[in-house]
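Shown next, in structure tokens, is the structure this report addresses.
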Protein chains: 2
Amino acid sequence: MDKQISQAVIRRLPRYYRYLGELLDDGVERISSNDLSKRMHVTASQIRQDLNNFGGFGQQGYGYNVAYLHEEIGNILGVNETHNVIVIGAGNLGQAIAGYVKFERVGFKIIGLFDTNPDLKDKMVRDLPIKMLDELPDFIKNNDVEIAALTLPKANAKSTALKLVSLGVHAIWNFAHVDLDDIPDVVIENVHLSDSLMQLSYNITQQKK
Amino acid sequence: MDKQISQAVIRRLPRYYRYLGELLDDGVERISSNDLSKRMHVTASQIRQDLNNFGGFGQQGYGYNVAYLHEEIGNILGVNETHNVIVIGAGNLGQAIAGYVKFERVGFKIIGLFDTNPDLKDKMVRDLPIKMLDELPDFIKNNDVEIAALTLPKANAKSTALKLVSLGVHAIWNFAHVDLDDIPDVVIENVHLSDSLMQLSYNITQQKK
DNA sequence: ATGACTTTGTCAACAAATTAACAATTTCGT
DNA sequence: ACGAAATTGTTAATTTGTTGACAAAGTCAT
């Protein structure tokens with residue numbers, strides 16, 4: 001029944017959430033779509049349109065209550081509940097992502113770090129021991145793992161993703177430079193650093209003209 | 001005179017480039033928009049439309065020559081020339097990004113790694129010494145720095161970006177969780193890991209319904 | 001060499017996303 | 001308590017992006 005909301009809108013929600021968090025920290029109580037639009041460099045119309053996909057959070061003549069709207073967008077995004085995360089691939093990027101989520105993102109909790117390299121077995125990365133991939137089935141059985149971050153070479157990404165899904169992990173944060181389509185019953189979010197860098201490269205070339 | 005090409009198209013180019021690279025590795029000589037569309041799960045029409053923004057790379061009745069098209073898209077993206085990159089912020093993420101670009105991305109060369117923490121001064125990260133931020137002006141003067149990756153706390157991101165631009169670096173790969181708008185004469189490419197994770201979180205919540 | 005087949009490049013139709021406009025409602029100073 | 005000002009939610013208009021259709025051009029087997 002709920003109409004499907006476009007990913008274009010979803011992509012903008014975290015940004016709203018961030019600006020509202022900053023306003024909250026600054027002790028701002030209320031804000032109008034117009035004021036927010038000026039800060040964020042988007043149209044006020046878009047803000048109102050976006051928010052109204054989820055309900056009427058504002059009030060005519062008054063605007064939006066910052067704390068309330070922040071809370072509501074947090075609920076929509078699901079960041080007010082805890083999500084357990086494991087990281088597959090304990091290379092530099094894996095360790096960095098593990099640390100990043102741990103220290104920067106409330107709502108997400110790193111509970112495991114895995115690799116295939118036996119030299120890394122039980123090595124501590126801050127307070128987490130690196131486990132071997134064959135410990136994964138037991139680990140998932142005994143822990144409520146919701147998200148797996150894939151920070152491993154692309155050759156292993158697809159098979160690992162399939163294994164994760166069969167073990168019951170249905171959300172993948174994919175840093176491997178490969179598309180994980182054709183996998184049913186899983187939500188994929190890609191972070192393709194190479195693509196991002198190439199986009200930057202294109203825009204540099206353009207600017208020079 | 002050149003019509004402006006939409007970022008929607010640009011965002012897709014790296015993916016074409018990747019698929020073509022794989023075809024090339026597999027020794028495939030030619031491919032039609034139809035075959036490629038099946039592999040990539042996009043419409044053939046979109047592929048043809050996208051490519052034609054940049055010129056007619058194909059041939060009726062034959063399709064596209066894989067090597068040629070790969071090369072051409074590489075040129076468009078600017079990955080066939082070398083771009084020197086420095087990384088500002090030598091924390092976990094900074095070190096991981098430095099390593100990532102170094103080992104995974106031809107066309108981009110990491111030539112410097114900077115931080116403000118004096119404890120890190122001259123510490124080696126693989127073959128690069130961590131330099132202090134006050135060495136930046138001299139470094140940029142003596143090296144052709146095209147891109148700066150910003151992997152530092154958001155509190156310092158804006159001022160650092162301004163400094164970089166004033167020193168002549170006009171492209172920023174921004175990993176700090178802050179918007180660097182209002183800065184003139186600079187191309188920004190954002191990698192907001194938090195936003196990506198929240199988007200994933202939203203889509204998980206949706207799937208559960 | 002011929003003709004059936006393939007496939008592009010491009011125009012037109014369609015769909016989606018963004019922006020503008022404005023009635024309805026609330027605020028707020030007097 | 002009143003009226004001007006502010007501001008939302010929502011509909012309509014506009015713009016942008018995607019897909020479909022097909023003439024034109026080239027391929028390839030015979």
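We name chains A, B, ... by the order of the sequence lines, and we start the count at 1 in each one.
Summarising the geometry, the separation between CG on Asn65(B) and P on dG26(D) is reported as 16 Å, rounded to the nearest angstrom. Here the P atom of nucleotide dT7(D) and the CG atom of Asp35(A) are 7 Å apart, to the nearest Å. Distance CD1 (Ile5(A)) to P (dA17(C)): 12 Å, rounded to an integer number of Å. Atom P of nucleotide dA17(C) and atom CD1 of Ile47(A) are separated by 18 Å, given to the nearest angstrom. In this structure, Gln7(A) places its CD atom 18 Å from P of dG17(D), rounding to the nearest Å. The distance between atom CZ of Phe57(A) and atom P of dT10(D), rounded to the nearest whole Å, is 12 Å. The distance between atom CG of Leu36(A) and atom C1' of dT8(D), rounded to the nearest whole Å, is 14 Å. Taking atom OH on Tyr68(A) and atom P on dT8(D), their separation rounds to 15 Å, with Å as the unit.
OP1 or OP2 of dG9(C) sits under 4.0 Å from a side-chain N or O of Tyr64(B). Close to dT7(D), at under 4.0 Å from its OP1 or OP2, lies no side-chain N or O of Asn34(A). Considering only side-chain N and O atoms, Thr43(A) lies under 4.0 angstrom from the phosphate OP1 or OP2 of dT19(C). An OP1 or OP2 oxygen of dC28(D) is reached within less than 4.0 angstrom by a side-chain nitrogen or oxygen of Arg30(B). A sub-4.0 Å separation between OP1 or OP2 of dT7(D) and a side-chain N or O of Ser33(A) is absent.
Between Leu136(A) and Ile88(A), the closest side-chain pair of non-hydrogen atoms falls below 4.5 Å. Taking 4.5 Å as the limit, some side-chain heavy atom of Ile5(B) sits within range of a side-chain heavy atom of Ile10(B). Counting only heavy atoms from C-beta outward, the side chains of Phe57(A) and Asn65(A) never approach each other to under 4.5 Å.
There is no side-chain donor-acceptor pair under 3.5 Å between Asp144(B) and Asn84(B). Residues Asp50(B) and Tyr16(B) bring a donor and an acceptor atom of their side chains to less than 3.5 Å of each other. With 3.5 Å as the limit, one finds no donor-acceptor pair spanning the side chains of Ser32(A) and Tyr62(A). No side-chain donor-acceptor contact under 3.5 Å links Asp185(A) and Gln207(B).
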Listed pairs, N/O of protein and of nucleotides 1-3 of chain D, under 3.5 Å:
none

Mind listing the N/O atom pairs, protein and nucleotides 11-13 of chain D, below 3.5 Å?
from, atom 1, to, atom 2, distance (Å)
dT11(D), O4, Gln49(A), NE2, 3.4

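The aromatic rings of Tyr202(A) and Phe54(B) stand perpendicular to each other, their planes meeting at an angle above 60°, with 30° marking the opposite boundary. Relative ring orientation between Tyr17(A) and His70(A) is described as parallel, the plane-to-plane angle staying below 30° on a 0-90° scale split at 30° and 60°.
The base of dT8(D) sits within donor-acceptor range of the side chain of Gln60(A), with an N or O pair under 3.5 Å.
Checking dT27(C), dT18(C), dG9(D) against the side-chain heavy atoms of Gln59(A) singles out dT27(C) as nearest.
With the nearest nucleotide of DNA chain C identified for both Arg48(A) and Tyr62(A), Arg48(A) has the one nearer the 5' end. Two residues, Gly61(A) and Gln46(A), neighbour DNA chain C, and the one matched to the more 5' nucleotide by heavy-atom proximity is Gln46(A).
Other residues, nucleotides and ligands place more than 12 heavy atoms under 6.0 Å from the CZ atom of Arg126(A).
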